[in-house]
Amino acid sequence: MTEENPYELAARAAEKLADLTGVESHDVALVLGSGWLPAVDALGEATAEISTTDLPGFSAAAVAGHSGKIRSIRAGDRNLLVFLSRTHYYEGKGVAAVVHGVRTAARAGCRAIVLTNGCGGLRETWTPGTPVLISDHINLTGKSPIVGANFVDLTDLYSSRLRTMCREVEPSLDEAVYVQFPGPHYETPAEVRMAGIIGGELVGMSTTLEAIAAREAGMEVLGISLVTNLAAGISDSPLNHAEVLEAGKAAASRMGELLGRIVPRI
Ligand code: 8IG
């Protein structure tokens with residue numbers, strides 16, 4: 001990131017996005033986390049696909065399974081702006097870099113954003129590949145994307161209207177509190193127990209800073225986690241990233257179908 005004001009940088013990125021995609025304004029943004037990428041094709045026909053690095057303020061994707069692309073998709077009467085990857089806090093590029101896509105989406109016209117992620121689960125009934133709605137979060141990064149005296153209200157951060165809609169569409173969806181750890185290491189079993197004690201049931205390395213930036217920008221937020229593994233210590237087996245991608249692949253058609261039913265109703 002440069003020294004440029006992050007909001008101006010996002011405005012420039014949105015302008016270039018409109019140029020490159022030929023789409024004047026977008027309506028709903030989606031950020032695809034670990035395991036969600038294979039679901040993208042179910043959302044609709046791509047109008048355009050660009051590299052994040054074609055836009056001001058983005059750097060190359062760092063994680064296997066995260067492709068540095070942005071797709072513009074026409075779905076019904078909506079223009080979807082789909083980020084096939086995200087910048088993670090653990091990359092060390094700073095909090096502004098983490099939320100740059102969210103701010104760009106807001107400037108591109110998006111009124112709502114769907115933040116997805118792959119994460120660890122604390123509820124033993126959540127087998128790998130279970131989607132869970134995020135009801136609220138605990139941000140253990142200790143950081144905010146907002147700088148200065150802007151006291152943004154985070155009540156109902158994860159829109160109860162959108163959660164209710166999702167549960168009408170898919171009554172089997174559970175809801176839980178997502179705890180963001182800084183990463184990139186997974187939690188110790190003691191940290192997972194702590195997450196449970198403070199009220200969390202999902203543990204991951206993304207989403208909370210983006211949700212805050214989205215709320216600051218006035219967007220409605222829907223958060224959906226894909227539990228790809230039981231959190232450390234909940235099961236006996238150690239965690240590995242390949243397994244996470246595998247669980248995503250296995251769940252892909254279900255997640256695509258789920259997003260395909262939810263997104264038109266946002
Ligand atoms: I996928 O168990 C995925 N991402 N922090 N813990 C944390 N992040 C994750 C996990 C997990 N699984």
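Atoms within a ligand are numbered from 1 in the order they appear, just like the ligands themselves. Since the structure is predicted, the reported quantities are computational estimates derived from the model, not experimental observations.
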A.B. asks: Side chains of Ser135 and Glu175: do they bring a donor and an acceptor to under 3.5 Å?
C.D. replies: no

A.B. asks: Working to the nearest 0.5 angstrom, can you tell me the gap between Asp19 CG and Glu15 CD?
C.D. replies: 7.0 Å

A.B. asks: Just jot down the ligand 1 atoms closer than 4.0 angstrom to any heavy atom of Thr228, in number order.
C.D. replies: 1 (I)

A.B. asks: Name the closest protein heavy atom to atom 8 (N) of ligand 1, giving the residue it belongs to and the distance to 0.1 Å.
C.D. replies: Gly204 CA, 3.4 Å

A.B. asks: Could you check whether the rings of His137 and Tyr158 sit parallel, tilted or perpendicular, using 30° and 60° as the cut-offs?
C.D. replies: perpendicular

A.B. asks: Considering only heavy atoms from C-beta outward, does the side chain of Val192 approach that of Leu122 to under 4.5 Å?
C.D. replies: yes

A.B. asks: Of Gly33, Ser34, Gly118, which has the heavy atom at the shortest distance from atom 4 (N) of ligand 1?
C.D. replies: Gly118

A.B. asks: Salt-bridge test for Asp54 and Lys16: reply yes if a basic N is under 4.0 Å from a carboxylate O, no otherwise.
C.D. replies: no

A.B. asks: Where is the nearest protein heavy atom to atom 9 (C) of ligand 1: which residue, which atom, and how far?
C.D. replies: Tyr186 CE2, 3.6 Å

A.B. asks: Which of the atoms in ligand 1, numbered in the order shown and given with their element, are less than 4.0 Å from a heavy-atom of Cys119?
C.D. replies: 1 (I), 3 (C), 4 (N), 10 (C), 12 (N)

A.B. asks: Just which atoms of ligand 1 are under 4.0 Å from any heavy atom in Gly120?
C.D. replies: 2 (O), 10 (C), 11 (C), 12 (N)

A.B. asks: Does any N or O atom in Glu187 lie less than 3.5 angstrom from one in ligand 1, N or O only?
C.D. replies: yes

A.B. asks: Any idea which heavy atoms bring Leu157 and Ala211 closest together, and the distance?
C.D. replies: CD1-O, 3.5 Å

A.B. asks: Test of understanding: given a 4.0 Å heavy-atom threshold, classify the contact between Asn229 and ligand 1 as side chain, backbone, both, or neither.
C.D. replies: side chain

